[in-house]
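One structure is given below, encoded as structure tokens.
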Amino acid sequence: MDLEVKGIAASPTSQAQPFSGRKKLLQQGQTSKSWAIQNPRLPVVPPLDLQSLIDSDEEDDFSHIPLSTAHIHFNPPNSSSAVSCITPCQVSRTQLNENEPEQDITPENLPAPTSKYKLKYQQYETEMKEGYKQYSQRNAEKTKSNIMQQSPKNKIDDKCVQGEEAIIDTLTTLDRKALLQQGYAEIPYNAQRSTRRSDAEIVAAERKKQTVAEQVMTDHLSRIRTHSTLTENMLSHKVQFDGRIISRNGRDACRELIGFFFIHDQSLTIYEYRQFGKNRTNVLPFIQKNIYSHQCGRRKGKQYQLGDFYVGGNLTFLSSDHPRLPESIKENKLLILRITNIDQIALYSLKTDSVEHEDDITSQEANDRLVLEAVQDVLKEQLLKRGVRILTGLGKYLKQLDKEGTGLLDKAAVKRALQEFHLQVSEDALESAWQVLEGDAGGKADYGEFTRAVIGEMNEYRKSFVRKAFMKLDFNKTGCVPLTDIRKCYCAKKHPQVISGHSTEEEIKLSFLETLKGACSKSDEVSYGEFEDYYEGLSIGIVNDEDFVNIVRTPWGI
């Protein structure tokens, strides 16, 4: 069958032609055969050279275009313009000949692909399969996460979980509402805004530390009654650190403490930084400068050394030794202070100059940590996605068991509490953890410390944002916040489900208040300890620190 391409007759041997050898285009209005005879000087369309289609190991370009993708396009006859440029895929085969049905033209004598291209195809096939597998896994996880975090409008039908209430891993409605807070982690990270806030906070913190440092030098030099260079140099060899009181009392837990450890006599002192309004500040001694020792744990009775100062380390003091402490702190036998930040440059410099010998206590403490971490690993799996409900309920339950209000409970009471919340710990593991934490309390242990030790706690970076949020709510510094104030301050406008229209601001706000109320011993207010328990439980399921910070920062505007 003869094939005409816009007025050009094509023989079977000239169905396609290479583009590279043609420098002049054909004149229009004549057929190929007669026109070639009448104009012998112009080149005739050469026959197809199948050898030019052989794969080349030295070029990966498109100099050889397969027949199935190369289409020739000429302007219609009798046109005054020259022949237009030829581009692949510009005209379909049906446009070349509308009467001929579309079909793939594949020569039978094409050579087989080389081993190089076989290898490339195998690699491509493997990558495609692996990519599809990863995409399927991500899609399945995202679907599962959306089910867990669905809004009150789209609750899972209760019939789906009917008959499974006794199963420990079953999520309750309260769990699902608590998990809605994790949606804030999906908000894009605003680096510019975060940097501005961070810079402002750093400047304020440095100004605060400088104020306290100047006050410390003034106080100690006035006591020594000399301003000799030797004395000033001795006081300058110190490491400065920030601290917080481990307490469920919000007023005490949010106190801003700044301490100093002096190398020349191994003494330490702690000051409280207080701010009144925007411009007025006050720096007051909290722990007088003296030489102190550990009051509990493996190091009980041993004097504080440079190695005891690191982020996360605890300093313990007897409340009776410090009569000027607030009454709320003196109610407890021990004052436990947690180091939240430290001058790393000064610490490194001082450690380089000093020599401290490790003792057997270091290895014992390492073994204690392994015991507690083993229990934490067991409980972490049981707390995943249920941490808010269990931790808030557990704290409330232990407080009810403490009839005397001492903060101490015996092992039987703590064991009963763990069973009540379906937290399965082996008898041997519980006994080992109890031996680490019991101390000399006559068979009892601080249940707050026990809970932190066996369940674990979020790091100081996360806790700092929880305290900022509570301090913003507790502007009167009473240690408790009315639920009405929390309702007013909580903002759900930026929650992803509100933005997408799946939920309203009121629905997200109510889900938060409902889960928070589960931690409250009073129906109309939230204490700092209860507020912290809520975010402690939420923190268990959040791996990335910045994701958790987004969850706290966004609704409270901090």
Side-chain angles (χ1 to χ4, degrees), residues 198-199 201-221 229-246 255-273 283 285-317 335-366 368-369 452 457-465 467 545:
S198 179
D199 291 343
E201 290 173 357
I202 291 173
V203 170
E206 289 299 323
R207 187 180 300 136
K208 181 193 309 178
K209 291 178 181 179
Q210 184 65 28
T211 302
V212 178
E214 291 174 358
Q215 184 67 44
V216 169
M217 293 293 286
T218 302
D219 287 352
H220 295 310
L221 289 174
T229 305
L230 178 61
T231 303
E232 291 187 10
N233 285 339
M234 289 169 59
L235 291 175
S236 65
H237 288 80
K238 63 184 182 300
V239 59
Q240 185 172 339
F241 59 90
D242 298 336
R244 66 178 180 87
I245 299 172
I246 297 181
R255 293 180 185 273
E256 297 183 73
L257 304 179
I258 301 177
F260 301 85
F261 180 73
F262 300 95
I263 299 300
H264 72 280
D265 60 354
Q266 303 287 295
S267 64
L268 68 89
T269 184
I270 298 172
Y271 279 68
E272 181 180 5
Y273 180 87
V283 180
F286 194 78
I287 298 291
Q288 296 291 340
K289 184 177 182 297
N290 206 340
I291 297 175
Y292 295 98
S293 302
H294 295 270
Q295 298 301 320
C296 64
R298 296 286 187 184
R299 295 183 178 271
K300 184 177 179 180
K302 286 190 170 291
Q303 182 180 320
Y304 285 114
Q305 297 180 347
L306 188 61
D308 297 317
F309 295 87
Y310 55 90
V311 175
N314 287 346
L315 305 176
T316 54
F317 305 90
L335 164 62
I336 306 176
L337 189 143
R338 172 72 55 81
I339 298 175
T340 59
N341 192 20
I342 197 165
D343 185 350
Q344 296 289 353
I345 297 176
L347 182 64
Y348 177 78
S349 176
L350 295 173
K351 279 187 174 181
T352 304
D353 297 336
S354 65
V355 178
E356 293 183 359
H357 301 285
E358 294 187 358
D359 47 25
D360 295 335
I361 296 178
T362 304
S363 59
Q364 292 174 357
E365 290 173 337
D368 291 345
R369 283 194 295 270
R452 290 190 297 271
E457 57 181 328
M458 54 185 164
N459 58 43
E460 293 304 317
Y461 178 69
R462 298 188 182 196
K463 280 185 181 289
S464 67
F465 283 91
R467 289 201 306 278
D545 284 347

Would you compute the distance between atom [atom1] of [X] and atom [atom2] of [Y] and round it to the nearest 0.5 angstrom?
X: Ile339; Y: Leu257; atom1: CD1; atom2: CG; value: 11.5 Å
X: Leu337; Y: Thr340; atom1: CG; atom2: OG1; value: 8.5 Å
X: Leu335; Y: Ile270; atom1: CG; atom2: CD1; value: 7.5 Å
X: Leu268; Y: Phe261; atom1: CG; atom2: CZ; value: 7.0 Å
X: Ile258; Y: Tyr271; atom1: CD1; atom2: OH; value: 11.5 Å

### Query
In chain order, what residues pass the side-chain contact (heavy atoms from CB on, under 4.5 Å) check against Asn341, with sequence neighbours excluded?
Lys209, Asp242

#### Entry: Results of side-chain contact (heavy atoms from CB on, under 4.5 Å) for Gln303 - residues two or more places apart only
Gln266, Ile291, Ser293

### Query
In chain order, what residues pass the ring pair (Phe, Tyr, Trp, His ring centres under 6.0 Å) check against Phe286, with sequence neighbours excluded?
none

### Query
Among all residues two or more places apart in sequence or in another chain, which pass the ring pair (Phe, Tyr, Trp, His ring centres under 6.0 Å) test with Phe465?
Tyr461

### side-chain contact (heavy atoms from CB on, under 4.5 Å) between Ile246 and Arg452, intermediate numbers included
CA-CA 11 Å; Ile246 297 181; Arg452 290 190 297 271; 3.5 Å; yes

Set of residues satisfying side chain to side chain donor-acceptor pair (under 3.5 Å) with respect to [X], sequence neighbours excluded:
X: Ser267; result: Asp265, Lys289
X: Asn314; result: Arg338
X: Arg298; result: Asp368

### Query
Once the angle between the rings of His264 and Phe262 is folded into 0 to 90°, is it parallel (under 30°), tilted (30 to 60°) or perpendicular (over 60°)?
perpendicular

### Parallel, tilted or perpendicular: ring planes of Tyr304 versus His294, cut at 30 and 60 degrees
tilted

### Task
Taking salt bridge (Lys or Arg N to Asp or Glu O under 4.0 Å) as the test, write out the residues that go with Arg255, two or more places apart.
Asp252, Glu272

Under 3.5 Å, which donor-acceptor pairs do the side chains of residues 234-241 form with other protein atoms, sequence neighbours left out?
{"from": "Ser236", "atom 1": "OG", "to": "Glu232", "atom 2": "O", "distance (Å)": "3.4"}
{"from": "Ser236", "atom 1": "OG", "to": "Asn233", "atom 2": "O", "distance (Å)": "2.6"}
{"from": "His237", "atom 1": "ND1", "to": "Asn233", "atom 2": "O", "distance (Å)": "2.6"}

### Query
Salt bridge between Glu460 and Arg244, side-chain N to carboxylate O under 4.0 Å?
yes

#### Entry: Min side-chain heavy-atom separation Gln305-Asp308 under 4.5 Å
yes

### Ile287 side chain reached by Thr269 side chain, heavy atoms, under 4.5 Å
no

### Thr352 (side chain) donor-acceptor with Tyr348 (main chain) under 3.5 angstrom
yes

